There are 2 protein chains.
Amino acid sequence: MSKRNSSAALKTEQQAHVFAALGDPTRLSLVAKLLDRKPHSISTLAEGNKITRQAITKHLTVLENVGLVSKIKEGRESLYELDPKPLKSLQEYLEIIATQWDQALNDLKSFLED
Amino acid sequence: MSKRNSSAALKTEQQAHVFAALGDPTRLSLVAKLLDRKPHSISTLAEGNKITRQAITKHLTVLENVGLVSKIKEGRESLYELDPKPLKSLQEYLEIIATQWDQALNDLKSFLED
DNA sequence: TCAATATGCAACAAAATAGTTGCATTTAAA
DNA sequence: TTTAAATGCAACTATTTTGTTGCATATTGA
């Protein structure tokens, strides 16, 4: 079919993984904490949470597996920082969807005005 | 602290539910099929899928629970159609995030240019 | 009315998730 | 060199998810 080069044209499968990674309140709040684009240690990210540090580590691994965060070992701590690419991709994906339904509405409008 | 009235200011918890609903390849493909904004029966939506109709029904229920689709019973069939509001909300949510990280980059830039 | 179509419902099983606890390892600091 | 801090790793449990099968119910059409 049509050829697209933008990152928004990734397979549905891939996008679903990113959606899934964001589909947990704990992980979404972790992403929110990382929005300052600065590296945060696991301990820092685990602060204030009700669940254990180990659980937080697992969530960070999930985010890392879909490329939403990257991990850098520095001294005795592991620093995580956000990678905006997958989020950008999702944004574009939703834009495409929005375009499609706007198109559907316009088609309907044209039809009704006929 | 700042007050926002847009639907993008919903709780993280709520957004996470929508992300989770989209975080499954089968469900995401169902949403794609519904993008024409027309009502589709369960059988129609199940066509071509490898999994059973009953499984599709469950996925549709998940989508319905987060408000992404609505169900209308017509005769002997159940018609599902897309509701774009939650998707719009997600889009705005991602836009806010994008704004935040752009801001972070600008702050960094200003700092470095100092 | 009878048969085919479209769903609904419920019980069940397998697999993935989310979280915990306990202990080992590595690094920084007193 | 001790101690405290930050993680890593593994085993284990509980819950949720995903999907199946079998059967019942409701509708449409010949």
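Please read all numbers here as calculations on a predicted model, not as lab measurements. Below, chain A is the first sequence line, B the second, and so on; all start at residue 1.
- Per the geometry, CG belonging to B:Leu63 stands 11 Å off P belonging to D:dT18, to the nearest Å.
- Scored by the side chain to side chain contact (heavy atoms under 4.5 Å, CB included) test, A:Ala16 finds B:Pro25, B:Leu28 as partners (sequence neighbours excluded).
- For the pair A:Ile42 CD1 and C:dT25 C1', the computed distance is 14 Å after rounding to whole Å.
- A straight line from CD1 of B:Ile56 to P of D:dT20 spans 9 Å, rounded to a whole angstrom.
- The NE2 atom of B:His40 sits 18 Å away from the C1' atom of C:dT7 (whole-angstrom rounding).
- B:Leu82 pairs in a side chain to side chain contact (heavy atoms under 4.5 Å, CB included) with only one of the listed residues (B:Leu63, B:Leu34, B:Asp36, B:Leu30), which is B:Leu34.
- At a threshold of 4.5 Å between non-hydrogen side-chain atoms, the residues A:Leu68 and A:Leu22 count as touching.
- Contact annotation: A:Ser41 reaches the phosphate of D:dT7 (side-chain N/O to OP1 or OP2, under 4.0 Å).
- Between B:Leu79 atom CG and C:dG8 atom P the separation is 10 Å, expressed in whole Å.
- Screening residues 70-84 of chain A for salt bridge (Lys or Arg N to Asp or Glu O under 4.0 Å), with sequence neighbours left out, gives A:Asp83-A:Lys85.
- Across D:dG8, C:dT7, D:dT7, the shortest atom-to-atom separation from the side chain of B:Ser78 is found for C:dT7.
- Here side-chain hydrogen bond (donor to acceptor under 3.5 Å, both in side chains) pairs that include residues 50-66 of chain B, with residues two or more places apart or in two chains, are B:Arg27-B:His59.
- Look at A:Lys71 and you won't find any side-chain N or O under 4.0 angstrom from OP1 or OP2 of D:dA6.
- Contact check for B:Gln15 versus B:Leu90: side-chain heavy atoms found under the 4.5 Å cut-off.
- At least one side-chain heavy atom of A:Arg37 sits under 4.5 Å from a side-chain heavy atom of A:Pro84.
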How does each nucleotide of nucleotides 25-30 of chain D score, in 5' to 3' order, for protein heavy atoms under 4.0 Å: base (B), sugar-phosphate only (S), or none (-)? --BS--
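- In this structure, A:Asp24 has no salt bridge (Lys or Arg N to Asp or Glu O under 4.0 Å) partners at least two apart in sequence or on a different chain.
- Counting to the nearest Å, the P atom of D:dT7 and the CD atom of A:Glu64 are 14 Å from each other.
- Side-chain contact, B:Ser29 with B:Thr26: no donor N or O sits under 3.5 Å from an acceptor N or O.
- Rounded to an integer number of Å, the gap from CG of B:Leu60 to P of C:dC9 is 14 Å.
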Contact string for nucleotides 17-24 of chain C, one letter per nucleotide 5' to 3', B = base within protein heavy-atom range under 4.0 Å, S = sugar-phosphate only, - = neither, reads -SBBBB--
